[in-house]
There are 2 protein chains.
Amino acid sequence: MYPCSVTNTSYSSSDYPDFAVTVDLLVFSVINKTLRILLIQRDEDPFRYSWALPGGFVHEEENLESAAWRELAEETGIANKVGHLEQLRTYGDAGRDPRMRVVSVAYFAAEYDLPEPQGGGDAKYAEHVPIVEIPNKSIKLAFDHRKILTDAVERLRNKISYTPLATQFCPEEFTIAQLRSTYDIIWRDTEKYLAGAKEHDDLRGPASKPFELKSARPHSFQPVAAPVALHLVTQPLKSEAPLAEKTSLSYLMQNEETSYAKLDPGNFQRSVLQVDGFLEPTGKKSSPSTSGGRPAELFTVGNLDQLSPPIRPKKPSK
Amino acid sequence: MYPCSVTNTSYSSSDYPDFAVTVDLLVFSVINKTLRILLIQRDEDPFRYSWALPGGFVHEEENLESAAWRELAEETGIANKVGHLEQLRTYGDAGRDPRMRVVSVAYFAAEYDLPEPQGGGDAKYAEHVPIVEIPNKSIKLAFDHRKILTDAVERLRNKISYTPLATQFCPEEFTIAQLRSTYDIIWRDTEKYLAGAKEHDDLRGPASKPFELKSARPHSFQPVAAPVALHLVTQPLKSEAPLAEKTSLSYLMQNEETSYAKLDPGNFQRSVLQVDGFLEPTGKKSSPSTSGGRPAELFTVGNLDQLSPPIRPKKPSK
DNA sequence: AAAATAGTGTCTTTTAGACAATATGCG
DNA sequence: CGCATATTGTCTAAAAGACACTATTTT
């Protein structure tokens, strides 16, 4: 029942405890052939200098999803509710915030062509961090954000197989090869993240060790002084190197470009075209990149929400 | 970030609004060859005499999941955290409770062999309602509970295909035929519910029409005076008619037992045994039911959490 | 022409489904 | 035995996968 042992129409404050409610954002993107998550660096205790998911309090009279969109705009400069945003899960364990009782609703976003991360106005740094680096380099994440991130990575990995979610990491118009590359990258990086998370994740509670300043700053930052500038999200295709060489990890990804199970181009083509309503042809053709090759057809995503049959990762050759 | 434009270690109450946090329960069960959901009938405004999901406030210092287990025990008499309980989704729209701002975390439970529903102690009726009746007979659901139920039904339908969830509706030891019947019932009833929800669901907001007392009481009730009696959950197999003839709908189900796409016994057998670790043989055999037949092997569920390949519903013959 | 990428054809292997056949209990 | 249900076998159709081949561009 709703009102628990209450018989009058409105509650008195003694009947239930007060909670603070926040939204946390998991902003995924594929930049420079790497699956990334937007993290900010905290400049306040607790967890000062740790990384954390962006987020903030839900306002009074504000819907949860509205709050998530608002925070997304504030943190990424995305206007007008473009891209994909869905509720992931709610985290509300009693001890998860040392200061007070906070219930946090996590939202999951998949975005293309994000502008440079913006600090929220305060002295705060933000970065699109490659997810594969998070278990390895033992980046500290504040609160229970590591658990939240792992849940989100699992969800992402599952969801691209049976929904058109992967298209959200591509531009408005894209080629089948771009889409295939997105699948390759997400399957590769999520698999690696989850493998790393499994071993590295000693399942200690959220506030485990004292934060280490040194390891909390393994990347190069772009402190941004200006307040949130709303980059509008229209750029030409093949904007395939916005953050290149900026993070210290990009080169690493290149070196590790050893073999991982990529999808077969021919079979992938058939798979996606076979799902009726998944891809809508535009009639246009892409211009081949610098290295030449036949121009590819451009597609937009249809209005389907379930792919059947699903797009599956290639089995690891036994 | 967590603290939003707050620089000191603890928050002052002006920085964020207060919310009440509740858990709502979606207790599914398969009783008398029918998929059912536990609903209570409200005896207070708002939505007096409407049906609602059971639930209640989260206590201070209590984890969300603990609150859900506590409420489940209170509402169903289930002790000791048996069965399946997982978080579904959080509902927190600003206007969803007319009295105050309530954020409600919905939890999804799949239970076998539930005792008769117990009122929470107050004058409150509870019943395991067949889900197929909810759209048809236009049973009034309070708040946004119809939306929550529909989300849960979709989740249930999806989840039995790629997890061992369906086994949670069976006894500890079960035959493959029992499991197959569970799949048949869930696929049949969820399909029917969702079809009905699609048309009946004029997408008006939560508080649509005034509640009608007559249609809010289409079933026969079992008012239970005693406080929660903790039925322990061990009964022999084939307890296949606990609520028989009690609800006014049981016979309807029998009559409507016209053809729906049932799974092929032979192929189903192979499907489930093929998934390694799904079913664990016990060595024991069931005694054939009254109608005779070869005794079947008894199985328990393994400790797998993903079925691959998934168990799929039979395609409707085109 | 050579290289590179897009897209198609074809063959093989695997999986799913229909349905017959056999097994094992009961009255 | 005859009935009912469980379990296995067999054949067929559909899907998935490997990989060769054709197409269209750039240098």
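Note on naming: letters A, B, ... go to the chains in the order of the sequence lines (proteins, then strands), and numbering restarts at 1 for each one.
- The 5' end of DNA chain C is approached more closely, in terms of each residue's nearest nucleotide, by A:Gln269 than by the other of A:Gln269 and B:Pro295.
- Between the P atom of D:dT5 and the CD atom of B:Glu297 lies a distance of 19 Å, rounded to the nearest Å.
- Heavy-atom minimum distance, A:Arg312 versus A:Leu263: O-CD2, 3.7 Å.
- The aromatic rings of B:Phe108 and B:Phe28 sit tilted relative to each other, their planes meeting at an angle between 30° and 60°.
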Query raised in the report: In B/S/- notation, 5' to 3', how is nucleotides 14-23 of chain D contacted by protein heavy atoms closer than 4.0 Å?
Result: ---BBB---B
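- Counting to the nearest Å, the C1' atom of D:dT7 and the CZ atom of B:Arg180 are 11 Å from each other.
- Rounded to an integer number of Å, the gap from B:Lys284 NZ to D:dA6 P is 18 Å.
- Between A:Ile176 and A:Ser291, it is A:Ser291 whose nearest contact on DNA chain C lies nearer the 5' terminus.
- One can place CZ of A:Phe299 at 12 Å from P of C:dA6, the figure rounded to the nearest angstrom.
- The distance between atom CD1 of B:Ile311 and atom C1' of C:dG17, rounded to the nearest whole Å, is 14 Å.
- Rounding to whole angstrom units, CG of residue B:Leu307 and P of C:dT15 are separated by 16 Å.
- The NZ-C1' distance, from B:Lys285 to C:dA23, rounds to 10 Å in whole Å.
- Within the 4.5 Å cutoff, the side chain of A:His128 has heavy atoms near those of the A:Leu38 side chain.
- When atom types are taken as modelled, the side chain of A:Asn32 and the backbone of A:Thr34 share no donor-acceptor pair closer than 3.5 angstrom.
- When the P atom of D:dG9 is taken as reference, atom CZ of B:Phe268 falls 19 Å away, rounded to whole Å.
- Scored by the side-chain hydrogen bond (donor to acceptor under 3.5 Å, both in side chains) test, A:Thr190 finds A:Arg157 as partners (sequence neighbours excluded).
- Residues A:Gly293 and A:Pro288 share a closest heavy-atom pair of O-CB, 3.1 Å.
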